[in-house]
Amino acid sequence: MPKVVDHEQRRQQIVDTFLTLVERGRGLEAASSRALAAELGVSNSLLWRYFKDMDAIVERAYREVVAHTNARIERGIAGRHGLDAVHALIDELMPVTDASKAEACVVVAYWAAKTRDGHSYVEPHDCWRTKLVAFLEEARGMGQVADDCPARVLADAVVDIVDKAQVEYVMAGDDRLALEARDLARAIVRLH
């Protein structure tokens with residue numbers, strides 16, 4: 001009798017292992033299809049029974065990363081208001097912890113995959129931008145920023161700085177750049 005395999009469970013195992021390899025190896029190079037198959041103890045060809053190609057694994061991993069990031073953000077901003085919440089959100093988005101650095105690797109790889117296939121998936125950025133706008137408007141109401149503070153423009157600037165920090169971390173692997181980007185995002189908000 002053939003072995004019954006839960007395909008969704010196997011896909012999840014592949015993605016979880018991919019994310020572990022990225023985090024452990026500090027980058028996508030550590031999560032090649034060969035390394036992934038070896039870590040799982042399966043043949044390389046078995047991966048392609050569950051995913052079309054490596055881009056499909058990266059896309060699924062991206063969705064996992066977004067879910068992890070959103071959960072971490074919710075914990076980080078819980079009970080915070082105004083500028084305190086803005087700073088907490090900025091801190092959670094920047095690649096400054098082992099988890100957020102691994103997430104940045106997946107995010108940037110996903111952007112590259114989406115560039116190749118001509119599609120886009122920006123909902124997380126819109127969600128984070130919306131949260132930033134709400135917190136900045138709250139900060140305005142609390143007198144923490146000027147009445148004419150351009151909340152949407154500042155939120156866009158912060159998200160752009162986060163995106164740049166993720167790309168720079170992935171390309172250079174330099175923690176200092178992400179910390180400087182975090183300080184820049186905070187300073188831009190503070191100036192208003």
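Since we're looking at a predicted model, the values are computed, not measured.
Residues Glu168 and Asp174 form no side-chain contact, since every pair of their non-hydrogen atoms from C-beta on lies 4.5 Å or further apart. Ile14 has its side chain within reach of Leu47: a pair of non-hydrogen atoms, C-beta onward, lies under 4.5 Å apart. Annotation: side chain of Glu59 is not in contact with side chain of Phe51 (no heavy-atom distance under 4.5 Å). Counting heavy atoms from C-beta on, the side chains of Val158 and Trp128 never come closer than 4.5 Å. Looking only at side-chain heavy atoms (C-beta outward), Val106 and Phe18 come within less than 4.5 Å of each other. Looking at heavy atoms from C-beta onward, Arg10 lies in side-chain contact with Val42 at the 4.5 angstrom threshold. Two residues are said to be in side-chain contact when any heavy atoms from C-beta on lie closer than 4.5 Å; Arg129 and Asp156 meet this criterion. Residues Leu93 and Arg182 fail the side-chain proximity criterion, which asks for heavy atoms closer than 4.5 Å.
The minimum heavy-atom distance linking Leu21 with Ala31 is given by the pair CB-CB, 3.9 Å. For the residue pair Val170 and Ala104, the shortest heavy atom distance occurs at CG2-O, 3.5 Å. For the pair Ser100 and Pro95, the tightest heavy-atom approach, listed with the atom from each and the gap, is OG-CA, 3.5 Å. Summarising the geometry of Val22 relative to Ala102, their closest heavy-atom pair is CG1-O, 3.7 Å, with the distance given to 0.1 Å.
Residues Leu177 and Val159 do not share a hydrophobic cluster, clusters being chains of Ile/Leu/Val/Met/Phe/Trp/Tyr side chains in contact below 4.5 Å. Put simply, Leu179 and Val86 are part of the same group of oily side chains (I, L, V, M, F, W, Y) that touch within less than 4.5 Å, one to the next. Two different hydrophobic clusters hold Val189 and Val133 under the rule that ILVMFWY side chains link at heavy-atom gaps under 4.5 Å. Residue Ile90 is not grouped with residue Leu191 when hydrophobic side chains (ILVMFWY) are merged at heavy-atom distances under 4.5 angstrom, including chains of intermediate members.
Note: Tyr62 and Tyr110 have parallel aromatic rings, judged against thresholds of 30 and 60 degrees for the angle between ring planes.
The CG atom of Leu89 sits 6.0 Å away from the CD1 atom of Ile77 when rounded to the nearest 0.5 Å. Taking CD1 from Ile73 and NE2 from His68, the interatomic distance works out to 13.0 Å, rounded to the nearest 0.5 Å. If you take OH on Tyr50 and CD on Gln13, they are separated by 9.0 Å, rounding to the nearest 0.5 Å. The CZ atom of Arg60 lies 5.0 Å from the CD atom of Gln12; values are rounded to the nearest 0.5 Å. Distance check: Ile161 CD1 to Met94 CE gives 6.5 Å after rounding to the nearest 0.5 Å. Going from atom CG of Leu184 over to atom NZ of Lys164 covers 8.0 Å, rounded to the nearest 0.5 Å.
Side chains of Thr17 and Thr20: a donor-acceptor N/O pair is absent below 3.5 angstrom, by distance only. Using a 3.5 Å distance cut-off with no hydrogens or angles, the side chains of Glu74 and Asn70 do not pair a donor with an acceptor.
Applying the salt bridge (Lys or Arg N to Asp or Glu O under 4.0 Å) test to Asp183 and every residue at least two apart in sequence or in another chain returns nothing.
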Checking side chain to side chain contact (heavy atoms under 4.5 Å, CB included) for the pair Arg152/Leu132: CA distance, chi angles, key distance, verdict?
-> CA-CA 8 Å; Arg152 291 187 191 290; Leu132 282 165; over 6 Å; no
Going through the distances and angles, do Val167 and Asp163 end up as a side chain to side chain contact (heavy atoms under 4.5 Å, CB included)?
-> CA-CA 6 Å; Val167 171; Asp163 290 349; 5.7 Å; no
So Arg11 and Val15, side chain to side chain contact (heavy atoms under 4.5 Å, CB included) or not? Walk me through it.
-> CA-CA 6 Å; Arg11 280 186 199 92; Val15 169; 5.7 Å; no
When the side chains of residues 32-41 are checked against the rest of the protein, which donor-acceptor pairs come out under 3.5 Å, sequence neighbours left out?
residue, atom, partner, partner atom, Å
Ser32, OG, Ala35, N, 3.1
Ser33, OG, Asn44, OD1, 3.4
Glu39, OE2, Arg24, NH2, 3.1

Please tabulate, for the side chains in residues 134-144, all donor-acceptor contacts under 3.5 angstrom to protein atoms that are two or more places apart in sequence or on a different chain.
residue, atom, partner, partner atom, Å
Glu138, OE1, Gly82, N, 2.7
Glu138, OE2, His81, ND1, 3.1
Arg140, NE, Asp147, O, 3.3
Arg140, NH2, Cys149, O, 2.4
Gln144, OE1, Leu83, N, 2.7

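With respect to Arg72 and Glu103, a salt bridge is recorded, a charged nitrogen being found less than 4.0 Å from a carboxylate O.
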